[in-house]
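Structure, as structure tokens:
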Amino acid sequence: MFGTRLGTTKSTNQEPSPYATRADFCRIFKDDMDRLYLLSFLLTGDRATAEKCFVGGLRMSKESTPVFKEWAQSWARRAIILNAIRMIRPRTIDDNTPPATDRGQGHAMPDPAEIADIVELSAFERFAFVMSVLERYSDQECSLLLGCTRREVTAARTRALQQIGSSAELRHKLVIMGADQKVLRDNAGSGLRFEPFSHVAASA
């Protein structure tokens, strides 16, 4: 009887786990779907690849080592970045990777100018810009993840900034786009589609 009471007390007083669960990540990818897909698209430059990157990021988050709940949202974005690097493998030396020209089905409308400017960058410049400017990763962290030197990250970001203009204004516009799905759907110049992902968080 004493053993039973002790076991009962232990179960009753057990505190909730401080770590994010699979269900937590499913909720994050569902609630923050627009921004996470937009991040996937900006990195990969192609809608079909962005969809695979999004799903792969969800899977990676669910199968990752324990992450504190307060870090779960940041980890979800990091999973997208890690998955995109694995899929695209942006080159760091003599990067002549052409911009992604096949961004989706032929009938899709053009992307907003802010998005198109980023997608038209070469692969390495695109990753360096998105990671260091939009996601605010340090040059050291970018160099570790991309397998290059900090100088190469800096040079690529400078080239990207020269090509697309003001980063502060661009970041503000992209945050607004990612925060409001209706803006993207109703924007006459938007070709991004979020509807196919309505079932992803629940089924992946």
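Position 1 is the first residue of the sequence, and the numbers go up from there.
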Test log, rule side chain to side chain contact (heavy atoms under 4.5 Å, CB included), inputs Ile28 and Leu58: CA-CA 9 Å; Ile28 289 172; Leu58 171 58; over 6 Å; no

Please report the C-alpha distance between Leu146 and Met131 in whole Å, then the side-chain angles of each, then the deciding distance to 0.1 Å, and finally whether the side chain to side chain contact (heavy atoms under 4.5 Å, CB included) criterion is met. CA-CA 10 Å; Leu146 294 172; Met131 291 172 63; 4.0 Å; yes

Verdict with reasoning, Cys26 to Lys62, per side chain to side chain contact (heavy atoms under 4.5 Å, CB included): CA-CA 8 Å; Cys26 287; Lys62 291 163 61 177; 4.0 Å; yes

Start with the C-alpha gap between Thr149 and Ser143, add the side-chain angles, then the distance that decides, and say whether side chain to side chain contact (heavy atoms under 4.5 Å, CB included) holds. CA-CA 5 Å; Thr149 66; Ser143 68; 5.7 Å; no

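Distance CG/Leu134 to CG/Leu42: 6.5 Å, rounded to 0.5 Å. We find the CD-OG1 distance between Glu51 and Thr44 to be 9.5 Å, quoted to the nearest 0.5 Å. Distance OH/Tyr19 to CD/Glu70: 10.0 Å, rounded to 0.5 Å. Interatomic distance, CG of Asp24 versus OG of Ser61, reported as 11.5 Å (0.5 Å rounding).
The side-chain hydrogen bond (donor to acceptor under 3.5 Å, both in side chains) with Asp139 is formed by just one residue from the set Arg157, Arg150, Arg151; it is Arg157.
The number of heavy-atom neighbours closer than 6.0 Å to CD of Glu141, taken from other residues, nucleotides and ligands shown, is above 12.
At least one side-chain heavy atom of Arg47 sits under 4.5 Å from a side-chain heavy atom of Tyr37. The closest side-chain heavy-atom distance from Glu125 to Gln163 is below 4.5 Å. In this structure the side chain of Val55 reaches within 4.5 angstrom of the side chain of Arg59, judged on heavy atoms. In this structure the side chain of Val153 never reaches within 4.5 angstrom of the side chain of Phe127, judged on heavy atoms.
By the criterion of side-chain heavy atoms lying less than 4.5 angstrom apart, applied directly or through intervening Ile, Leu, Val, Met, Phe, Trp or Tyr residues, Val133 is grouped together with Leu39 in one hydrophobic cluster. Hydrophobic clustering, with ILVMFWY side chains joined whenever heavy atoms are under 4.5 angstrom apart, groups Phe25 together with Trp71. The hydrophobic clustering, which links ILVMFWY residues whose side-chain heavy atoms are closer than 4.5 Å, places Leu144 and Ile80 apart. Cluster membership check: Tyr137 shares its hydrophobic cluster with Ile88, using side-chain heavy-atom separations under 4.5 Å among Ile, Leu, Val, Met, Phe, Trp and Tyr. The cluster map of Ile, Leu, Val, Met, Phe, Trp and Tyr, joined by side-chain heavy atoms under 4.5 Å apart, puts Phe129 and Leu43 in the same cluster.
The minimum heavy-atom distance linking Gly57 with Ala79 is given by the pair O-CB, 3.6 Å. Across all their heavy atoms, Arg126 and Leu121 have their closest contact at NH1-O, 3.0 Å. Of all non-hydrogen atoms in Ala50 and Ser40, the two that sit nearest each other are O-CB, 3.6 Å. Closest approach of Gln73 to Asp32, counting heavy atoms only: NE2-OD2, 3.5 Å. Between Arg86 and Asn83, the closest heavy-atom pair is NH2-OD1, 2.7 Å. For Ile81 against Glu135, the heavy-atom pair with the smallest separation is CD1-CG, 4.0 Å.
Side-chain atoms of Asp46 come within 3.5 Å of backbone N or O of Thr49 as a donor-acceptor pair. Put simply, the side chain of Gln162 never gets that close to the backbone of Arg159: no donor and acceptor are under 3.5 Å apart.
Proximity of the aromatic rings of Phe54 and Phe41 is defined here by a centroid distance below 6.0 angstrom, and this criterion is not met.
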